[in-house]
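Single-structure report; data block below.
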Amino acid sequence: MLGVISNIQRFTVHDGPGIRLTVFMQGCPLSCWWCHNPECIKHHNADDNSEHLRYNVKELMKEIRKELIFMDESGGGVTFSGGEPMMQPIFLSEILDACKKEDIHTAVDTSGLVSTDTFDSLVDKADLFLYDLKVIDNALHQKYTGASNTLILKNLKTLNDQQKKVIIRMPLIPGMTDSKQNIDDVIKLLSQLSNIKNINLLPYHSIAEGKYTKFNIPYKMKDVKVLSEDKITEIKNLFTNAGLNASIGG
Ligand code: SF4
């Protein structure tokens with residue numbers, strides 16, 4: 001079994017605790033307007049001879065082991081991101097098992113849009129989930145990401161039922177995710193869960209625009225301005241005033 005990987009980043013510090021190796025896996029079932037990794041969205045196929053990297057578990061473990069000294073000293077590990085890592089469930093399952101065997105901390109950065117069976121089969125294998133939460137209203141979710149959030153909300157509940165450690169990642173996108181209604185809905189949902197360690201609020205920035213040009217992908221965010229510091233702080237305060245542990249960035 002080969003994993004199709006778009007990139008591997010070393011020394012990452014925002015994808016879970018400590019210093020980490022982040023593996024960006026190819027393919028995502030969503031197409032968020034603001035995606036920072038649009039090159040990761042397209043699913044690979046057998047005759048795809050693009051620049052994607054292909055690793056078997058043994059080869060990827062070799063890459064992971066090169067970083068062990070930094071991971072051990074910093075309490076870090078390896079994060080599988082994307083794209084959506086659960087779109088390659090067999091490979092992800094095998095690499096998570098291999099990491100567990102060597103006591104390497106693992107995090108899965110997921111959109112949550114995965115079938116219940118696949119999700120349930122992977123829940124126990126990772127130490128931490130970085131879980132994206134965007135829009136609670138289903139029609140708006142569909143509009144801005146191209147898919148319903150029904151499964152996403154269901155799978156988040158599964159993580160709570162199983163008391164898995166979760167860090168929520170919420171992009172703050174002006175006019176799309178930052179409305180008072182959406183923030184209130186997110187707070188209401190998260191207040192009912194007991195397994196959320198932190199909520200990373202990720203303010204929109206236009207850093208990825210060049211990638212859209214490079215990969216010839218239409219960029220829908222041209223007219224979107226970044227949020228002011230005051231607005232970001234105001235949103236963060238809504239979370240903390242509700243007793244939730246929120247931070248900006250992450
Ligand atoms: S879920 Fe993440 S990787 Fe997938 S399209 Fe949205 S922002 Fe991009």
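One-based numbering, in listed order, for ligands and for the atoms of each. Scope of the values below: all heavy atoms of this structure, side chains included, with no hydrogens, waters or symmetry mates. Just so you know, these numbers come straight off a predicted model, no measurement behind them.
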Under 4.0 Å between heavy atoms, the region of Lys134 that gets near ligand 1 turns out to be side chain
Quick one: nearest non-hydrogen protein atom to atom 2 (Fe) of ligand 1, plus distance? Asp132 OD2, 4.1 Å
Ring pair (Phe, Tyr, Trp, His ring centres under 6.0 Å) contacts touching residues 77-125 (sequence neighbours left out): none
Hey, which of Asp137, Thr145, Asn138 is the one that makes side-chain hydrogen bond (donor to acceptor under 3.5 Å, both in side chains) with His141? Thr145
Contacts of atom 8 (Fe) of ligand 1 with protein N/O/S atoms, counting only those under 2.8 Å: Cys35 SG
May I have all residue pairs that pass ring pair (Phe, Tyr, Trp, His ring centres under 6.0 Å) and include part of residues 156-213, sequence neighbours excluded? His36-His205, Tyr212-Tyr219
Is the shortest distance from a Lys or Arg side-chain nitrogen in Lys188 or Asp184 to a carboxylate oxygen in the other one below 4.0 Å? no
Taking only Lys NZ, Arg NE, NH1 and NH2, and the carboxylate oxygens of Asp or Glu, determine whether Glu39 and Lys214 approach each other closer than 4.0 Å. no
Check: Asp132 main-chain N/O paired with Arg169 side-chain donor or acceptor under 3.5 Å: no
With sequence neighbours excluded, what pairs up with Lys164 under the side chain to side chain contact (heavy atoms under 4.5 Å, CB included) test? Val123, Asp124, Phe129, Leu159, Gln162
